[in-house]
*Asks:* 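Questions regarding the structure given below will be posed in turn.
Numbers for residues simply follow the sequence, beginning at 1. Keep in mind that what you see is a predicted model, and the values were worked out from it rather than measured.
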Amino acid sequence: MKYAKIVGWGWLAVALAVTGCNQPSGSQKKNKSEGEHTHGKGPNDGVVFDLGKYHAEFTVDHDKKESTILFVSEDAKDAKAVPVAAKEFTLTTKETKTKKGDVLAPMTIQMLPRDEKEGKAARFVGTDAGLSNVADFEGTVVGVIDELPAKGKFKE
């Protein structure tokens, strides 16, 4: 039984390691950490990041208290939505400060498909009262895409 658990976690680690960005983009910039890069703005002026082997855009609508993850073809204003086979994602933000200087606690938000068609969706939306605050959000998104674990980090 212990062997099965170890093997299972081993495959998860391998899957996470190999599901990074596989399509270079003209506006990618290398960070100091080896292998990490950033992207430009997406079609909705959000931050684009790698989520598994895909590019995704993170945006916040403060009035609706909701965040959106949109899978996109690239990090450009004219990027197209790309549907993926996924049921949900978990978005977790780090503690941050609002523009007024107040401390905003970390949030964990369930992101559900908004435009699902034939088992695929490009847009995943979640709500939390903390999203009404204007702040620079940073965090992670985890889920399963095409039956493979996927993880991405974003930073506004």
*Asks:* Which value, rounded to the nearest 0.5 Å, describes the distance between Lys153 atom NZ and Thr92 atom OG1?
*Replies:* 12.5 Å
*Asks:* Side chain of Glu57, backbone of Asn44: donor and acceptor closer than 3.5 Å?
*Replies:* yes
*Asks:* Ile69 versus Phe89: any side-chain heavy-atom pair under 4.5 Å?
*Replies:* no
*Asks:* Could you pull out the closest heavy-atom pair between Thr98 and Leu104, with the gap in Å?
*Replies:* CG2-CB, 4.4 Å
*Asks:* Work out which heavy atom in Gln110 is nearest to a heavy atom in Leu112; give both atom names and the distance.
*Replies:* NE2-CD2, 3.7 Å
*Asks:* Would a 4.5 Å heavy-atom cut-off, applied to side chains only, mark Glu95 and Val103 as touching?
*Replies:* yes
*Asks:* For the hydrophobic clusters of this structure (ILVMFWY residues joined by side-chain heavy atoms under 4.5 Å, transitively), does one cluster hold both Val141 and Ile109?
*Replies:* yes
*Asks:* When clusters are formed by joining ILVMFWY residues with side-chain heavy atoms under 4.5 Å apart, either directly or through shared neighbours, do Val125 and Phe137 land in the same one?
*Replies:* no
*Asks:* Look only at the side chain of Asp146 and the backbone of Leu148, and say whether a donor-acceptor pair between them is shorter than 3.5 Å.
*Replies:* no
*Asks:* With rounding to the nearest 0.5 angstrom, report the OG1 to CG distance, Thr68 to Leu91.
*Replies:* 10.5 Å
*Asks:* Minimum heavy-atom separation for Ser67 and Leu131, please, with both atom names.
*Replies:* N-CD1, 3.5 Å
*Asks:* Looking at OG1 of Thr96 and CE of Met107, how far apart are the two atoms once the value is rounded to the nearest 0.5 Å?
*Replies:* 8.5 Å
*Asks:* What distance separates Thr93 OG1 from Asp136 CG, expressed to the nearest 0.5 Å?
*Replies:* 12.5 Å
*Asks:* Taking all atoms of both residues into account, what is the closest heavy-atom pair of Val72 and Ala79, and its distance?
*Replies:* CB-CB, 4.0 Å
*Asks:* State, to 0.1 Å, how close Leu51 and Lys151 come at their nearest heavy-atom pair, and which atoms those are.
*Replies:* CD1-C, 3.6 Å
*Asks:* Hey, what do you get for OG1 (Thr140) to CZ (Phe49), rounding to the nearest 0.5 Å?
*Replies:* 9.0 Å
*Asks:* Mind checking the CZ-CD spacing from Phe58 to Glu138? Nearest 0.5 Å is all I need.
*Replies:* 10.5 Å
*Asks:* Which heavy atom of Val82 sits nearest to which heavy atom of Ser73, and what is that distance?
*Replies:* CG2-N, 3.4 Å
*Asks:* Any side-chain heavy-atom pair from Asn133 and Asp102 closer than 4.5 angstrom?
*Replies:* no
*Asks:* Do Met111 and Thr90 have side chains that get closer than 4.5 Å, going by heavy atoms?
*Replies:* no
*Asks:* Hey, is the main chain of Asp61 close enough, under 3.5 Å, to the side chain of Glu66 for a donor-acceptor pair?
*Replies:* no
